K.L.:
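Have a look at the structure that comes next, please.
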Amino acid sequence: MEKNTRIWKQEQARVKEIIELIQAKRQSLEENTGQLKENIIDLRKNFWDDVTVNIDEPDEVIETYASIKQQAELLSERERSHGQFYKSIKLYSRLADSPYFGRIDFTEQGGQKETVYIGIGSLMDKEEDDFLIYDWRAPIASMYYDYSPGPAQYETPEGKMKGEMELKRQFLIRNGKITGMFDTGLTIGDELLQQVLGGNATSQMKSIVATIQKEQNQIIRYEKNDMLVVQGVAGSGKTSAAMQRIAYLLYRYRKTIRADQVLLFSPNQMFISYVASVLPELGEENMRQNTFQEYAAQRLDDEYTLESPFDQLEYLLSSQTEKNYDARIDGIHYKADLAFKQMIDQYVTKLAIQGMRFRNIKFRGELVVSRTEISEYFYKLNTNMSIPNKIELVMDWLLAKVDDLANEELTKDWPVEEATFMDKKDYLDAFKELQKNQRFNEETFDDYQREEQMLAKMIVERSLRPLRNKIKNLKFIHMKKLYRGLFEQDLPVDYPDNWKEIGEDTISAIQSKTLPAEDITPYLYLQDQIEGRKINPVIQYVFIDEAQDYSPFQFEFIQQLFPNAHFTLLGDYNQAILANVGEAPTILEAAGGYKNVKRIQLMRSYRSTKPIVHFTSRLIPGGHEIEAFNRDGRLPRLYGLHKRREQIDQLKKVIEERQKEGQETIAILGKTKEECQEIVSSLEGEFSLRFIYKESQPFEKGLMVLPVYLAKGIEFDSVIVPDASVSTYRQESERKLFYTACTRAMHELDICYIGEMSPFLKHVPRNLYEYE
């Protein structure tokens, strides 16, 4: 649409009017906010001056309580208003640059035509009577994403509203100026997507509300089933849709759901930093975000060194010649399966009868309660009780024993001796502690014998505190021996042939206080069966990104952790690179067996150019079904090298070319950390680069070298695969890793290989890449 047309000028005039109104509203709010802030400060300073305090008579106590409550509610109301004002000011700041991105003209059946402008937030007119801009999450805005001009409808609490959409218009507005305007019959016109997708990659994911596609909108607004499973090809917008879905849920259920009741399990810390700005950009607080590894570390870090899934993968990619390698792989696969969960359930049933392992309870080096006594007490309890309930009774029994011990220790000499040798600081600390507990006041702290008794009692109680805490935290259960017992029992014949080797390796790791990645979920599950489940009933929605890397056992365990939650699983089984899945079905496939599940497939890739999508789709079975968005670009390039020393020269040449072209994020994706280290050593001094070797490092623009597995879920302007030779990528189990590397590229893909190319490349038609 030409800029000099009458329609363009009318729309630009409206943008100008809207921005002037936004600025006026923002200025008014800032003035009110300043006054309100001063009011809050005064209320806090003078809180007790405005409260009537009198506690001499019961009636006066009630009056005092009412006065305090009234003042507290007044302060709370002012603080809520200030928070709302501040949120509105931030929204106006975002709208001032680009107030909206879409318009639809809709005539409801039997009604008048309504012109609806859609943006990232709502805006009312001066009188607060009519909407000038609708929030993209409002029910009426859904038509913008779901329909072409013609018959259309949208859902409301009262039912479906049907009618005719006469116009759908899309805008690109920057700094208050319309730079693009398109009338379209498509959901989102190619012109708008071309401009948005053709830009450079950024260090943080951006909101996609202006370019949400119909299939993505279905994910965002889905509300029916308890579980939503999204299988989406690389670059199909799964994660973006998930973030918009969270924003939608927080808007749709804003009276009943808070951001801290939504949890996102992310693949790594770098990914967490990558998506951190999306919700604040939409005016929402960030949801809780965690990795499963972090959750496990909170529970087990004081007992074990936990192997991460990435360290596990490093081992499997680089240690094929080590002893028991095959047993480790079999163990990984078996421990990920629900059959292992069933085995643990059977083991727990046996423990109810015999076999529980406990620790001796000692104090000052002397035995207080032996593990045999604890076991005898445990098995004397009612056999119909669950193990966690019995454990709770054992805990109470042990704490009573410690109470008896405290009285015994007071009759001994050591507490008095310790009190005698207290230095001045410890003595003053003891005095403060006793005073705090109201055991005496300054006037009575002059009776030497009474003082000695009170100090001795305090010293005994302080010395016993760690023991009490250990008992309350159930450390009298010997979980390490209980888990070992899983691998020491007689097993039926249908377990893995090399179960003995698997058990020996597991026991050896546990004895060295290392918990392999494949044992983390089973260990936590067994612990919960013994101690009682550590559930979180507050979380209402759980999102699992890169769900293809979660095992069936792991997912069932997560479901038990959050019994009240709705689940959204997002992933791509063609990118299942972590070892806990192996050749077994991924949770994306296995979830079909659950009740009340909705499955959605995303087959269109938007991240990469059309030539890159056509190339990468030939690397995997079934790739012909992947649809490429029509964004043109250069063919991927393959560089056949003869010797290892040629590799670095070729990498330097490619990097220089991409930097001259203006590619802002260039990633060299090695297979392993060791390969990346060698490349970094060769390139340091030649280029300014970052070596990303652990998941806690943030994602930033520039040239970086990192293992493929840390790049999951992230995109780069240019990707360089440094070695795609048969010696590096030859096993079928490495196909998905190679595919994941190649599909991180948005605009440019360069692949080097030395000698013979990987067999995965041999099936790509010659016309889909350039060869140099």
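Model, not experiment: these values are computed from the prediction.
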K.L.:
Once you round to the nearest 0.5 Å, how far does CD1 of I600 lie from CG of L570?
P.N.:
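One gets 9.5 Å once the value is rounded to the nearest 0.5 Å.
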K.L.:
Tell me every residue that passes ring-ring contact (aromatic ring centres under 6.0 Å, His included) with Y525, counting only those two or more places apart in sequence or in another chain.
P.N.:
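ring-ring contact (aromatic ring centres under 6.0 Å, His included) check on Y525 returns F553.
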K.L.:
Assess, by modelled atom type and distance only, whether the side chains of E518 and Q312 contain a donor and an acceptor separated by less than 3.5 Å.
P.N.:
yes
K.L.:
How many angstroms lie between CD1 in I754 and CG in D723, if you round to the nearest 0.5 Å?
P.N.:
4.5 Å
K.L.:
Between R730 and S727 (side chain of the first, backbone of the second, donor and acceptor by atom type, cut-off under 3.5 Å), is there such a pair?
P.N.:
yes
K.L.:
Please list all pairs passing the salt bridge (charged side-chain N to carboxylate O under 4.0 Å, His left out) test where one or both residues lie in residues 309-324, with sequence neighbours left out.
P.N.:
none
K.L.:
Could you work out, with side-chain contact (heavy atoms from CB on, under 4.5 Å) as the rule, every residue matching S236, not counting sequence neighbours?
P.N.:
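In terms of side-chain contact (heavy atoms from CB on, under 4.5 Å), with neighbours along the sequence ignored, S236 is linked to V233, K238, L602.
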K.L.:
Just verifying a value: how many Å separate N360 CG and T372 OG1, rounded to the nearest 0.5 Å?
P.N.:
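OG1 of T372 is found 7.5 Å from CG of N360.
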K.L.:
For A547 and L569, work out which heavy atoms get closest and say how close.
P.N.:
CB-CB, 4.0 Å
K.L.:
Could you give all pairs that pass the salt bridge (charged side-chain N to carboxylate O under 4.0 Å, His left out) test and reach residues 527-544, with sequence neighbours left out?
P.N.:
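For residues 527-544, and leaving out neighbouring residues, the salt bridge (charged side-chain N to carboxylate O under 4.0 Å, His left out) pairs sorted by first residue read R299-D528, D528-K534, E531-K534.
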K.L.:
Taking the side chain as everything from C-beta on, heavy atoms only, tell me whether K350 gets closer than 4.5 Å to Q489.
P.N.:
yes
K.L.:
What's the verdict on side-chain contact (heavy atoms from CB on, under 4.5 Å) for T291 and F271, showing C-alpha distance, side-chain angles and the deciding distance?
P.N.:
CA-CA 10 Å; T291 67; F271 182 88; over 6 Å; no
K.L.:
Applying side-chain contact (heavy atoms from CB on, under 4.5 Å), can you list everything that pairs with A352, at least two apart in sequence or on another chain?
P.N.:
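Listed in chain order: I387.
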K.L.:
Could you tell me whether a side-chain N or O of S608 sits under 3.5 Å from a main-chain N or O of V613, the two making a donor and an acceptor?
P.N.:
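Pair absent, no side-chain N/O of S608 close to backbone of V613.
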K.L.:
Using only atom types and a distance under 3.5 Å, with no angle test, would you say the side chain of S508 pairs donor to acceptor with the backbone of E504?
P.N.:
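A pair under 3.5 Å: no.
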K.L.:
Give the minimum heavy-atom separation between I539 and V262, together with the two atoms involved.
P.N.:
CD1-N, 4.4 Å
K.L.:
Please say whether more than 12 non-hydrogen atoms of neighbouring residues, nucleotides or ligands are located less than 6.0 Å from CD in E674.
P.N.:
no
K.L.:
Could you tell me whether a side-chain N or O of K335 sits under 3.5 Å from a main-chain N or O of F340, the two making a donor and an acceptor?
P.N.:
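No; judged by distance alone, with no hydrogens or angles, the pair does not exist.
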K.L.:
Of all residues at least two apart in sequence or in a different chain, which pass the ring-ring contact (aromatic ring centres under 6.0 Å, His included) check with F358?
P.N.:
F378
K.L.:
For E646, which residues count as a side-chain contact (heavy atoms from CB on, under 4.5 Å) partner, sequence neighbours excluded?
P.N.:
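Per chain and number, E646 pairs via side-chain contact (heavy atoms from CB on, under 4.5 Å) with L641, H642, K643.
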K.L.:
So with a 6.0 Å cut-off around NZ of K762, is the heavy-atom count from everything else above 12?
P.N.:
yes
K.L.:
If you define the side chain from C-beta out and look only at heavy atoms, does anything of E625 sit under 4.5 Å from Q601?
P.N.:
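No; the side chains remain at least 4.5 Å from each other.
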K.L.:
Centres of the Y304 and Y523 rings: under 6.0 Å?
P.N.:
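Between Y304 and Y523, the centre distance is under 6.0 Å.
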K.L.:
Could you report the tightest heavy-atom contact between Y379 and M356, atom names first, then the distance?
P.N.:
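That would be OH-N, 3.0 Å.
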K.L.:
For R371, does the CZ atom sit with more than 12 other heavy atoms under 6.0 Å from it, leaving out its own atoms?
P.N.:
no
K.L.:
Taking side-chain hydrogen bond (donor to acceptor under 3.5 Å, both in side chains) as the test, write out the residues that go with K671, two or more places apart.
P.N.:
E734
K.L.:
Between the main-chain N or O of A517 and the side-chain N or O of E307, is there a donor-acceptor pair closer than 3.5 Å?
P.N.:
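Yes, the answer is positive, given that a donor and an acceptor are paired below the 3.5 Å cut-off.
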K.L.:
Do L619 and V764 pass the side-chain contact (heavy atoms from CB on, under 4.5 Å) test, and can you show the C-alpha distance, the side-chain angles, and the key distance before you say yes or no?
P.N.:
CA-CA 7 Å; L619 299 175; V764 180; 3.8 Å; yes
K.L.:
Given the rule in the salt bridge (charged side-chain N to carboxylate O under 4.0 Å, His left out) test, do K712 and D572 qualify, once you have shown the distances and angles that lead to the verdict?
P.N.:
CA-CA 11 Å; K712 289 176 67 65; D572 177 15; over 6 Å; no
K.L.:
Search all heavy atoms of I520 against all heavy atoms of A296 and return the closest pair with its distance.
P.N.:
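Scanning both residues, the minimum pair turns out to be CG2-CB, 3.5 Å.
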K.L.:
Quick check for you: to the nearest 0.5 Å, what is the distance between S733 atom OG and L317 atom CG?
P.N.:
7.5 Å
K.L.:
List for me each residue that meets side-chain hydrogen bond (donor to acceptor under 3.5 Å, both in side chains) alongside E303, sequence neighbours excluded, and say none if there are none.
P.N.:
K475
K.L.:
Under 4.5 Å between any side-chain heavy atoms of I332 and L316, yes or no?
P.N.:
yes
K.L.:
Between R618 and P765 (side chain of the first, backbone of the second, donor and acceptor by atom type, cut-off under 3.5 Å), is there such a pair?
P.N.:
no
K.L.:
Could you tell me the separation between the OH atom of Y739 and the CZ atom of F760, rounded to the nearest 0.5 Å?
P.N.:
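Here the rounded value is 14.0 Å.
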K.L.:
To the nearest 0.5 angstrom, please state how far the OG1 atom of T728 sits from the CZ atom of F738.
P.N.:
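So the gap between those two atoms works out to 10.0 Å.
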K.L.:
What residues form a side-chain hydrogen bond (donor to acceptor under 3.5 Å, both in side chains) with Y729, not counting sequence neighbours?
P.N.:
none
K.L.:
Any heavy-atom pair between the side chains of K736 and I620 that's under 4.5 Å?
P.N.:
no
K.L.:
I391 and F476: side-chain contact (heavy atoms from CB on, under 4.5 Å), yes or no, with the steps?
P.N.:
CA-CA 10 Å; I391 290 296; F476 58 89; 4.1 Å; yes
K.L.:
Might you work through the side-chain contact (heavy atoms from CB on, under 4.5 Å) test for E373 and I361, ending with a clear yes or no?
P.N.:
CA-CA 10 Å; E373 289 177 284; I361 304 294; over 6 Å; no
K.L.:
Has D750 got a side-chain atom pairing as donor or acceptor with I720's backbone, closer than 3.5 angstrom?
P.N.:
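No.
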K.L.:
State which residues pass side-chain hydrogen bond (donor to acceptor under 3.5 Å, both in side chains) with Y483; sequence neighbours excluded, sorted by chain then number.
P.N.:
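side-chain hydrogen bond (donor to acceptor under 3.5 Å, both in side chains) list for Y483, sorted by chain: D519.
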K.L.:
With E501, which residues qualify under side-chain contact (heavy atoms from CB on, under 4.5 Å), at least two apart?
P.N.:
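Partners of E501 under the side-chain contact (heavy atoms from CB on, under 4.5 Å) test: N324, A327, N498.
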K.L.:
More than 12 heavy atoms of other residues, nucleotides or ligands under 6.0 Å from CD of E488: yes or no?
P.N.:
yes
K.L.:
Check whether Y347 reaches the backbone of L482 with its side chain - one donor and one acceptor, N or O, closer than 3.5 Å.
P.N.:
yes
K.L.:
What pair of heavy atoms forms the shortest contact from R359 to I374, and how long is it?
P.N.:
O-CD1, 3.4 Å
K.L.:
Are the side chains of L561 and N536 in touch, meaning some heavy atoms are under 4.5 Å apart?
P.N.:
no
K.L.:
Determine the sole option in Y541, F555, F543 for which the ring pair (Phe, Tyr, Trp, His ring centres under 6.0 Å) test with F567 is passed.
P.N.:
F555
K.L.:
Looking only at atom types and distance, does a side-chain atom of S512 sit under 3.5 Å from a main-chain N or O of A509, one as donor and one as acceptor?
P.N.:
yes
K.L.:
Classify the ring geometry between Y377 and W397 as parallel (under 30°), tilted (30 to 60°) or perpendicular (over 60°).
P.N.:
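The arrangement is parallel - the two ring planes meet at less than 30°.
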K.L.:
Hey, are Q293 and S308 close enough side-chain-wise for a donor-acceptor pair under 3.5 Å?
P.N.:
no
K.L.:
What heavy-atom pair brings N564 and P537 nearest, and what distance separates the two atoms?
P.N.:
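Distance-wise, the nearest heavy atoms are ND2-O, 3.1 Å.
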K.L.:
Looking only at atom types and distance, does a side-chain atom of S605 sit under 3.5 Å from a main-chain N or O of A234, one as donor and one as acceptor?
P.N.:
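Judged by distance alone, yes, a pair lies under 3.5 Å.
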